[in-house]
Amino acid sequence: MLSLEFIRANPDAVRRAGELKGEAAPVDEILRLDGVWRGHQHRAETIREEQNKLSKQFAETRDESLKERLREMASTAKTELSVADAVKRELDDLLLRVPNVFHESVPVGETEAENVVIREWGTKPDLGFVPRTHFDLGEALGVMDFERAARVSGSRFAFLIAEGARLERALVQFMLDVHTREHGYVEVWSPMLVSSAAMVGTANLPKFADQAFKVEDRDLWLIPTAEVPVTNLHREEILDGERLPLKYVSYAPSWRTEAGAAGKDTRGFIRMHQFSKVELVKVTTVETSLDEFEKLTRDAEDILQRLGLHYNVLAMCTGDMGFAQYKKYDLNAWAPGLDRYLEVSSCSVFNDFQARRANIRYRPSRGAPPKFAHTINGSGLALPRTIDAIMETYQRSDGMITVPDVLKPYMGGVELIGAR
RNA sequence: GGGGAGGUGGCUGAGUGGCCGAAAGCACCCGCCUGCUAAGCGGGUAGGGGGUGUAAAGCUCCCUCGAGGGUUCGAAUCCCUCCCUUCCCGCCA
């Protein structure tokens, strides 16, 4: 969230950011409540001050005549404070719904059509035959099964079978190995159910409650991404500034309701209620976050390059970028069978928007007062669509799929899917 | 699930009604001393918020000893509820 201080000082900037993001920010109501809250707070404190003085006097003099007045002051202060608290809660609730501002380099636009391609890698492969879709190939090879998954769990679920399951595991291993050994990330295995407080920390709550699965009768949510537990890893902490940035990589299944996406991407292994993802998370200082964000994006791109997949990088425009992000890039891999790009990664920098919610701070140097950290995350990568791009890019005219070189060491001797 | 112990500052840890936002130690910072290092000596070092201030600094007040509520003129300290940690027993992948 944004600080009250910032909103007080820059109400117009906050309003404008809200409009461009398509998320009306209740700035006026916030400023009004801020005044009300401070009024009550101030009155309560003035009474308390007086009360504390008298109370000390009473301790010395034991003057019983003071008691009645003290009792009265105590109760007035309490009332005043409870009003202040109620207003503050209302205020905090509104603050959680104010979208983040964005970096000056973010393109202004309303829809995804106004996103900007900032770079491309590779070219669309010419296979020499009409490419098939991954679900066509997957079902024919018996490595993907959507029909049985629907019987077991409903739509938007899948079984991966035999080399399909093996490919998924190989990719996870490969990505984790590259990020830990070559990019310097620390591997994390995290809880996959998290509290509401953690969801608020990453800004998945309160605004996006309908996007996540909630456990009945408990304050627990299935994680929509490993970003949630890993970003919250250091919640309520004051970190040593000299040890930043912290770099984490975490493999976890992710669960999403996909509310509002009815009818979209219903065929294939694209938009699932449950999917695997290797997530990159950084906690940085204020000064280095933009730079670390660019580097994190490159780390994710490196995986696509090693897999030999053609992709592009899009800078998200204001309207397509999201509530909490300060700046965001999407990585889209080319899927020849579907004849379109698939979003396989989304990399974002939040500045202190999440850190403020999760109360993640650091001390820039010894003795210096703490500051809110900056957080960054990005998929490195999301599995289903990466699998799709691989299957469609590496398919042969006979319907079998060549395993990319970098995955061979992880495939237990399988070099060609479908050769069984 | 049953029973016991416990949650205090960056860390260890004392504190059972006002003299406590908190002893002592560690760590760290500044200064002194020393040819250098170590040791020694002196001082400093929790977080959040309000008011004042053009801002920084400063001054000042309020709140915070796991969270919330209660008793009391006054709570780290007493009472209640919840959360968490830990030990023993039971159950169990």
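Values below: every heavy atom of this structure, side chains too, minus hydrogens, waters and symmetry copies. Source: prediction; values computed, not measured. Sequence lines set the chain letters: A, B, ... in the order given, protein chains first and strands last, and positions in each chain run from 1.
Listed candidates were B/C73, B/C63, B/G18. Nearest to the side chain of A/N52 is B/C63. Among the nucleotides B/G49, B/G18, B/G74, the one closest to any side-chain atom of A/A74 is B/G74. Closest to the side chain of A/R363, out of B/A46, B/G48, B/G51, is B/A46. Checked against B/C73, B/G70, B/G48, the side chain of A/K78 finds its nearest nucleotide in B/G70. Comparing atom distances between the A/A59 side chain and each of B/G51, B/C73, B/G18 picks out B/G18 as nearest.
Base pairing of B/G42 is made with B/C30, judged by Watson-Crick or G-U wobble geometry with both donor-acceptor distances under 3.5 Å. B/A24: Watson-Crick or G-U partner is B/U12, with both key distances under 3.5 Å. The partner of B/A5, taking Watson-Crick or G-U wobble pairs whose two distances both stay under 3.5 Å, is B/U85. When both pairing distances are held under 3.5 Å, B/C65 makes no Watson-Crick or G-U pair with any nucleotide shown. Of all nucleotides present, none satisfies the Watson-Crick or G-U wobble test against B/C36 with each distance under 3.5 Å. B/C59: Watson-Crick or G-U partner is B/G51, with both key distances under 3.5 Å.
Side-chain to base pairing of A/R8 with B/G50: no donor and acceptor N or O lie closer than 3.5 Å to each other. Taking only distance into account, the side chain of A/S55 meets the base of B/G18 through a donor-acceptor pair shorter than 3.5 Å. Between the side chain of A/E45 and the base of B/G49 there is at least one donor-acceptor pair of N/O atoms closer than 3.5 Å.
As rounded to the nearest Å, B/G21 and B/U77 have C1' atoms that lie 14 Å from one another. B/G13 and B/G7 are spaced 10 Å apart, taking the P atom of each and rounding to whole Å. With both ends at atom P, the span from B/U81 to B/A5 equals 15 Å, rounded to whole Å. B/U45 and B/C82 are spaced 35 Å apart, taking the C1' atom of each and rounding to whole Å. Separating the P atom of B/G6 from that of B/G15 is a span of 12 Å, rounded to the nearest Å. Here, B/G74 and B/A55 have their P atoms 37 Å apart, quoted to the whole Å. Taking the C1' atom of each, B/G9 and B/C26 are spaced 13 Å apart, rounded to whole Å. For the P atoms, the distance from B/C63 to B/A76 is 10 Å, rounded to whole Å.
A distance-only check finds no donor-acceptor pair linking the side chain of A/H374 to the backbone of A/S289 [under 3.5 Å].
In summary, the side chains of A/Y251 and A/E187 do not present any donor paired with an acceptor at a separation below 3.5 Å, with no hydrogens or angles considered. A side-chain N or O of A/S105 and one of A/K327 form a donor-acceptor pair less than 3.5 Å apart. A/D219 and A/S196 share a side-chain donor-acceptor pair at under 3.5 Å. Counting only N and O atoms by type, the side chains of A/D299 and A/H179 include no donor and acceptor under 3.5 Å apart.
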Show each protein N/O and nucleotides 77-79 of chain B N/O combination with a separation under 3.5 Å, one pair to a line.
none

Return the polar atom pairs (N/O with N/O) between nucleotides 53-60 of chain B and the protein under 3.5 Å, or none.
none

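Toward the 5' end of RNA chain B, the nearer of the two residues A/H42 and A/R71, judged by each one's closest nucleotide, is A/H42.
Here the C1' atom of nucleotide B/G18 and the CG atom of A/L54 are 15 Å apart, to the nearest Å. As rounded to whole Å, 11 Å separates atom C1' of B/C83 from atom CG of A/D219. Atom CD in A/E50 sits about 15 Å away from atom C1' in B/G74, given to the nearest Å. The separation between A/E80 atom CD and B/C62 atom P is 16 Å, rounded to whole Å. Following rounding to the nearest Å, A/R48 (CZ) and B/U72 (C1') show an atom-to-atom distance of 13 Å. Following rounding to the nearest Å, A/R38 (CZ) and B/U52 (P) show an atom-to-atom distance of 9 Å. To the nearest angstrom, C1' of B/G66 lies 15 Å from CD of A/E237. In this entry the distance linking NE2 of A/H40 with C1' of B/C62 reads 17 Å, nearest Å.
Ring centroids of A/Y329 and A/F293 are separated by less than 6.0 Å, placing the two rings close together.
Side-chain contact check for A/M175 versus A/T386: some heavy-atom pair is nearer than 4.5 Å. For the pair A/I238/A/Y362, no side-chain contact is recorded, criterion being any heavy-atom separation below 4.5 Å from C-beta on. Using a 4.5 Å cut-off on side-chain heavy atoms (C-beta onward), A/F6 and A/V14 make contact. Side-chain contact between A/F269 and A/H134: present, with at least one pair of heavy atoms (C-beta onward) separated by less than 4.5 Å.
Looking at heavy-atom distances under 4.0 Å, A/R361 makes contact with sugar-phosphate atoms alone, never a base. Residue A/R89 is classed as having no contact, given no heavy-atom separation below 4.0 Å to the nucleic acid.
For residues 21-72 of chain A, no residue pair satisfies the ring-ring contact (aromatic ring centres under 6.0 Å, His included) rule, not counting sequence neighbours.
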Give the C-alpha distance, both sets of side-chain angles, the deciding distance and a yes or no for ring pair (Phe, Tyr, Trp, His ring centres under 6.0 Å) between A/W255 and A/F213. CA-CA 7 Å; A/W255 286 275; A/F213 289 103; 8.2 Å; no
